[in-house]
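Below is one structure; the comments refer to it alone.
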Amino acid sequence: MTLGVAAPFGGTTSSAQQVTFVNTVRNGAVAADNIALTLRAVPNAAFSSAYEISVDNGATFVPFPLNGTPVMITVPAGSNFDLRIRVNVPAGQSVLTGYAATVRATSGITPQIFNETVDRTFAGFVRVDKTVTVTNSTGIGGATAAVPGAVIEYTLTYTNVSAAAAGTNNANLTATNLTITEDGNESPNNWGGTTNHVPGSAADSRGGTITGDVAGSTVLTDVIPSLAPGQSGTFRFRRVIR
């Protein structure tokens with residue numbers, strides 16, 4: 001999900017959002033099969049009535065019961081059947097967390113044969129942490145004193161907190177064109193009016209495209225083309241205290 005997730009690590013989502021998954025049931029048998037779809041475990045009590053299912057390509061959705069009552073579909077021999085699971089994710093969930101529900105498809109011909117798919121909704125999956133280092137070589141104050149002429153280096157570490165999916169036919173959460181914007185005049189930043197940019201000091205460890213790395217700049221933007229599950233990188237730039 002992308003709405004309401006702009007919160008610090010440890011915070012919660014500020015709005016609800018619908019997320020839809022497309023799951024495919026495959027009948028590899030030589031006869032049509034009446035397959036029972038059941039919703040197994042859900043993340044927590046807030047999700048107890050959050051799930052809906054569509055077996056008509058999304059034209060209509062009905063509640064997906066959590067009490068084990070199955071939704072039945074008939075899949076011809078050697079065919080695939082696409083179903084949609086819609087999740088009404090409630091507000092107030094912890095950010096940077098995956099919320100997984102398990103959907104089971106059970107064969108009507110051979111009930112002991114079943115397959116389970118995990119539909120996992122992430123309340124945001126890219127974490128950014130910012131650190132500040134002061135280097136003072138002016139001769140006034142200590143080596144890390146924030147005095148005029150001292151250099152401040154800002155480091156933003158960004159991480160895709162999701163994990164690469166195991167199993168088969170799974171989708172990974174890869175961030176594309178991830179954009180990090182540092183505006184020195186936008187709260188809580190205040191360095192736009194108190195420091196001068198060091199031209200050429202901005203760098204990204206993953207080769208992101210940086211704009212604003214020029215004299216007089218108070219806004220820097222870093223665009224990272226791709227960030228796969230578990231990957232991280234750093235965006236750095238320096239300023240001189242006025």
Side-chain angles (χ1 to χ4, degrees), residues 1-21 41-48 50 87-102 118-135 144 146 152-166 170-192 194-195 201-212 218-239:
M1 59 183 291
T2 57
L3 298 178
V5 298
F9 179 69
T12 58
T13 58
S14 58
S15 64
Q17 185 176 353
Q18 282 189 340
V19 179
T20 301
F21 296 88
V42 299
N44 57 50
F47 287 81
S48 60
V87 189
N88 298 290
V89 183
Q93 305 308 303
S94 296
V95 297
L96 298 175
T97 301
Y99 296 95
T102 303
V118 175
D119 289 335
R120 182 177 287 105
T121 303
F122 267 85
F125 61 97
V126 176
R127 175 175 174 173
V128 180
D129 296 288
K130 185 176 181 179
T131 58
V132 181
T133 302
V134 178
T135 302
T144 59
I152 300 177
E153 182 173 79
Y154 293 98
T155 301
L156 291 93
T157 302
Y158 51 87
T159 305
N160 184 333
V161 301
S162 69
N170 291 314
N172 289 321
L173 287 176
T174 297
T176 56
N177 294 322
L178 171 65
T179 301
I180 300 174
T181 301
E182 272 290 290
D183 187 337
N185 294 314
E186 182 176 341
S187 181
N189 288 338
N190 61 4
W191 47 261
T194 58
T195 65
S201 66
D204 180 88
S205 64
R206 301 193 64 84
T209 300
I210 298 172
T211 57
T218 59
V219 179
L220 291 95
T221 301
D222 183 16
V223 180
I224 299 95
S226 179
L227 189 67
Q231 288 186 333
S232 63
T234 56
F235 169 37
R236 304 173 186 270
F237 61 94
R238 293 194 295 273
R239 311 280 301 185

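Numbers here are sequence positions counted from 1.
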Would you check, one step at a time, whether the test side chain to side chain contact (heavy atoms under 4.5 Å, CB included) holds for E153 with T135?
CA-CA 8 Å; E153 182 173 79; T135 302; over 6 Å; no

For the residue pair [X] and [Y], what are the closest heavy atoms and their distance?
X: A7; Y: T12; value: CB-O, 3.9 Å
X: S15; Y: A91; value: C-CB, 3.6 Å
X: G233; Y: S205; value: CA-OG, 3.3 Å
X: V89; Y: V19; value: CG2-CG2, 4.3 Å
X: F237; Y: L156; value: CE2-CD1, 4.0 Å
X: V223; Y: P225; value: O-CD, 3.7 Å

Is any side-chain heavy atom of [X] closer than 4.5 Å to a side-chain heavy atom of [Y]?
X: T133; Y: T155; answer: no
X: V95; Y: F9; answer: no
X: Y158; Y: L178; answer: yes
X: I210; Y: F235; answer: yes
X: T174; Y: P229; answer: yes
X: D204; Y: I224; answer: yes

Can you tell me if [X] uses its side chain to pair, donor with acceptor, with the backbone of [Y] under 3.5 Å?
X: T13; Y: G92; answer: yes
X: T97; Y: Q93; answer: no
X: N189; Y: D183; answer: yes

Worked verdict on M1 versus V87 for side chain to side chain contact (heavy atoms under 4.5 Å, CB included):
CA-CA 10 Å; M1 59 183 291; V87 189; over 6 Å; no

Is it the case that more than 12 heavy atoms not belonging to Q18 sit under 6.0 Å from its CD atom?
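Count over threshold, so yes.
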
May I have the step-by-step check of side chain to side chain contact (heavy atoms under 4.5 Å, CB included) for V42 and Y99, ending in yes or no?
CA-CA 8 Å; V42 299; Y99 296 95; over 6 Å; no

Interatomic distance, [X] atom [atom1] to [Y] atom [atom2] [nearest 0.5 angstrom]:
X: N160; Y: S226; atom1: CG; atom2: OG; answer: 9.0 Å
X: T194; Y: N185; atom1: OG1; atom2: CG; answer: 9.0 Å
X: L3; Y: S14; atom1: CG; atom2: OG; answer: 8.5 Å
X: T157; Y: K130; atom1: OG1; atom2: NZ; answer: 12.0 Å

Identified side-chain contact (heavy atoms from CB on, under 4.5 Å) counterpart of T211 within the set D222, V219, T221
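Among D222, V219, T221, the one that satisfies the side-chain contact (heavy atoms from CB on, under 4.5 Å) with T211 is T221.
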
Here's a test for you: under side-chain contact (heavy atoms from CB on, under 4.5 Å), which of T2, L173, T159 qualifies with F125?
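That would be L173; it is the only one of T2, L173, T159 passing the side-chain contact (heavy atoms from CB on, under 4.5 Å) with F125.
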
Walk me through whether T195 and R239 qualify under side chain to side chain donor-acceptor pair (under 3.5 Å).
CA-CA 6 Å; T195 65; R239 311 280 301 185; 2.8 Å; yes

